[in-house]
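In what follows, a single structure is set out as structure tokens and then discussed.
Whatever order the structure lists ligands and atoms in, that order sets their numbers, starting from 1. Here the structure is a predicted model, which means the values were calculated and not measured.
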Amino acid sequence: MEKSQVGTTLTHHALVSQRAHAKRTGEQPAGDFSELLNQIAVAGKIISAEVNMAGLADILGVAGRTNVQGEEVMKLDVFANNTLVEVLRRSGHVCIMASEEVDDPIDVPAPHYPGKYAIAFDPLDGSSNIDVNVNIGTIFSIHRRRDPYGTRGKADDLLRPGSELAAAGYIIYGSSTMLVYSTGHGVHGFTLDPSIGEFLLSHEDITIPEKCGTYSVNEGNSSKWTPATQKFVEHVKAPDAGALSGMKSRYIGSLVADFHRNLLKGGIFLYPADAETGEGKLRLLYEAAPLAFIAKHAGGYASTGHDAILDIEPDGLHQRVPLIIGNRDAVELYERRVGDEKSGS
Ligand code: AHG
Ligand code: MN
Ligand code: MN
């Protein structure tokens, strides 16, 4: 059959996968999830337009950082946060939210209808790269609320292990704007066609390539790593130390961009624990867990070095964890190398 000249839109793809889910579970396809995903895409388009204008506003912005319309130029991460909160509140599919930019859970007050999903997001990941025109992104994770008939959502709907996620994904604002998501049945990538304002399927069923040829870590922190972590990084760098060595180094400094490159080309990203505190930098709920969910459904894996990211019961909305993510064999090698170090040592 000749190839259709009309691409597959995100909305259509989500509806089809929701019908397949309904068939598997016997549930009635309500279309809620595909509508929610569509609203996330709307927020992504608004943020993408702003991200692309920001450089211009910078050039045109007058002293005092007001833009040409005389409005106060909001920092892009605040703009992205406000956009997501507003769009998701009005969607009718969200009962509670958590954002990197807001300390407490964000509720969905009347007159907005409290939908059946609880969502956590990093509205703008890679903020340090905004002003230098390097890829940044939005990361989101979606739980079904615990009480299917409840009304207002609560933090408890969000404080669950990533293994219980209904879906997760990210939007990357780069040479093109891409939305990548999974509901647990494959990982799918959509590229925004600005001429029609639609995300079109461009990467169906993404699986992380067999070969882990790249490591991605901020080596400026190496003095803060545990000895086993230092040795692991030396191993992957060594030209001929056998399996999982001789890797090249790539580090963008935006988690979403480093992860996306490794997902498409194979690689391991590390933000290891600080040897003193045992703490990581990245947040579990809206950075590590959603990307661990994506990695898993693309054949990869994510760990703190001691525990699988998807198994961790969050103890707070902004809990930080060490994150080692990418090709399963490389992450498991890291786990073996640091395994006998006490976790949090
Ligand atoms: P955010 O901009 O949402 O705060 O996230 C920044 C994170 C992540 O994107 C990236 O991997 C990491 O910070 C980079 O940290 P370093 O600059 O310490 O390497
Ligand atoms: Mn981030
Ligand atoms: Mn952020």
Side-chain angles (χ1 to χ4, degrees), residues 40 43-44 46-48 50-51 54 74-85 88 97-103 106 119-141 162 168-174 178 180 214-225 229-230 233 249-263 267-277 279-295 300 302-305 309 314 316-326 331:
I40 293 172
I46 295 169
I47 296 167
S48 174
E50 193 68 12
V51 163
M74 293 190 274
K75 275 177 62 186
L76 268 177
D77 33 16
V78 173
F79 175 87
N81 180 67
N82 297 352
T83 301
L84 278 156
V85 171
L88 293 174
M97 299 178 232
S99 165
E100 178 203 358
E101 301 299 334
V102 182
D103 288 353
I106 303 163
I119 184 163
F121 51 82
D122 177 357
L124 210 70
D125 174 67
S127 309
S128 63
N129 281 324
I130 291 175
D131 295 347
V132 293
N133 208 11
V134 167
N135 286 16
I136 47 185
T138 297
I139 309 171
F140 58 90
S141 60
Y170 57 87
I171 302 168
I172 182 164
Y173 311 107
M178 261 191 82
V180 175
T214 301
Y215 77 98
S216 186
V217 69
N218 179 347
E219 302 212 41
N221 296 331
S222 59
S223 60
K224 296 183 221 152
W225 298 340
T229 298
Q230 290 167 340
V233 172
S249 168
R250 288 285 182 279
Y251 193 71
I252 299 170
S254 299
L255 169 62
V256 68
D258 280 315
F259 174 79
H260 184 69
R261 180 206 53 245
N262 290 349
L263 180 72
I268 180 171
F269 171 92
L270 306 95
Y271 210 104
D274 177 295
E276 267 181 31
T277 63
E279 280 248 315
K281 167 177 184 179
L282 301 171
R283 279 56 58 104
L284 176 61
L285 237 58
Y286 42 78
E287 289 176 315
L291 296 186
F293 184 86
I294 296 280
S303 169
T304 62
I309 293 287
L317 294 184
H318 306 289
Q319 175 182 348
R320 294 175 189 267
V321 289
L323 177 63
I324 320 299
I325 188 169
V331 178

At the Mn ion (ligand 3): angle between Glu100 atom OE1 and Asp122 atom OD1, to 10 degrees: 80°
Test of understanding: given a 4.0 Å heavy-atom threshold, classify the contact between [X] and ligand 1 as side chain, backbone, both, or neither.
{"X": "Glu101", "result": "neither"}
{"X": "Leu255", "result": "both"}
{"X": "Ser254", "result": "backbone"}

Identity of the N, O or S atom of Glu287 lying closest to the Mn ion (ligand 2): OE2
Of the N, O or S atoms in Asp125, the one nearest the Mn ion (ligand 2):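 Nearest N/O/S atom of Asp125: OD1.
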Geometry only, no angles: is Leu282 polar-contacting ligand 1 at N/O separations under 3.5 Å? no
Polar atom proximity, Asp122 to ligand 1 (N or O, under 3.5 Å):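 Among all N and O atoms of Asp122, at least one is under 3.5 Å from an N or O of ligand 1.
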So which heavy atom in the protein is nearest [atom], and how far is it from that ligand atom?
{"atom": "atom 10 (C) of ligand 1", "answer": "Gly253 O, 3.3 Å"}
{"atom": "atom 5 (O) of ligand 1", "answer": "Asp125 OD1, 3.1 Å"}
{"atom": "atom 13 (O) of ligand 1", "answer": "Lys281 NZ, 3.2 Å"}
{"atom": "atom 1 (P) of ligand 1", "answer": "Gly126 N, 3.6 Å"}

Contact between ligand 1 and [X] is defined here as a heavy atom of the residue under 4.0 Å from a ligand atom; is it met?
{"X": "Glu219", "value": "no"}
{"X": "Ser128", "value": "no"}
{"X": "Asn129", "value": "no"}
{"X": "Leu124", "value": "yes"}

Close-contact set for ligand 1 against [X] heavy atoms, below 4.0 Å:
{"X": "Ser127", "value": "2 (O)"}
{"X": "Asn218", "value": "16 (P), 18 (O), 19 (O)"}
{"X": "Glu287", "value": "3 (O), 5 (O)"}

In sequence, state the C-alpha distance, the side-chain angles, and the governing distance for Leu270 and Ser216, and then conclude on side-chain contact (heavy atoms from CB on, under 4.5 Å). CA-CA 6 Å; Leu270 306 95; Ser216 186; over 6 Å; no
Where the closest heavy atom to atom 18 (O) of ligand 1 is concerned, which of Tyr271, Phe269, Tyr251 has it?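 The residue whose heavy atom sits nearest atom 18 (O) of ligand 1 is Tyr271.
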Tell me whether Leu124 has at least one N, O or S atom under 2.8 Å from the Mn ion (ligand 3). yes
Any donor-acceptor N or O pair under 3.5 Å, side chains Tyr170, Asp125: no
Sub-4.5 Å side-chain heavy-atom contact between [X] and [Y]:
{"X": "Ile309", "Y": "Thr304", "result": "yes"}
{"X": "Leu76", "Y": "Glu50", "result": "yes"}
{"X": "Ser99", "Y": "Pro123", "result": "yes"}

Hey, is Lys224 close enough to Glu276 for a salt bridge, meaning N to O under 4.0 Å?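 A salt bridge is absent here (no side-chain N lies under 4.0 Å from a carboxylate O).
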Tell me the closest heavy-atom pair linking [X] and [Y], and the distance in Å.
{"X": "Ile324", "Y": "Val331", "answer": "O-CG1, 3.7 Å"}
{"X": "Ile325", "Y": "Ala292", "answer": "CD1-N, 3.7 Å"}
{"X": "Val85", "Y": "Met97", "answer": "O-CE, 3.6 Å"}
{"X": "Ser254", "Y": "Asn135", "answer": "OG-O, 2.7 Å"}

Evaluation steps, side-chain contact (heavy atoms from CB on, under 4.5 Å), between Leu282 and Phe269: CA-CA 12 Å; Leu282 301 171; Phe269 171 92; 3.8 Å; yes
Spacing of Glu287 atom CD and Tyr271 atom OH [to the nearest 0.5 Å]: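 It comes to 10.5 Å.
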How about CZ on Arg261, more than 12 heavy atoms from neighbouring residues, nucleotides or ligands closer than 6.0 Å, or not?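 Yes - once you tally the heavy atoms of other residues, nucleotides and ligands closer than 6.0 Å, there are more than 12.
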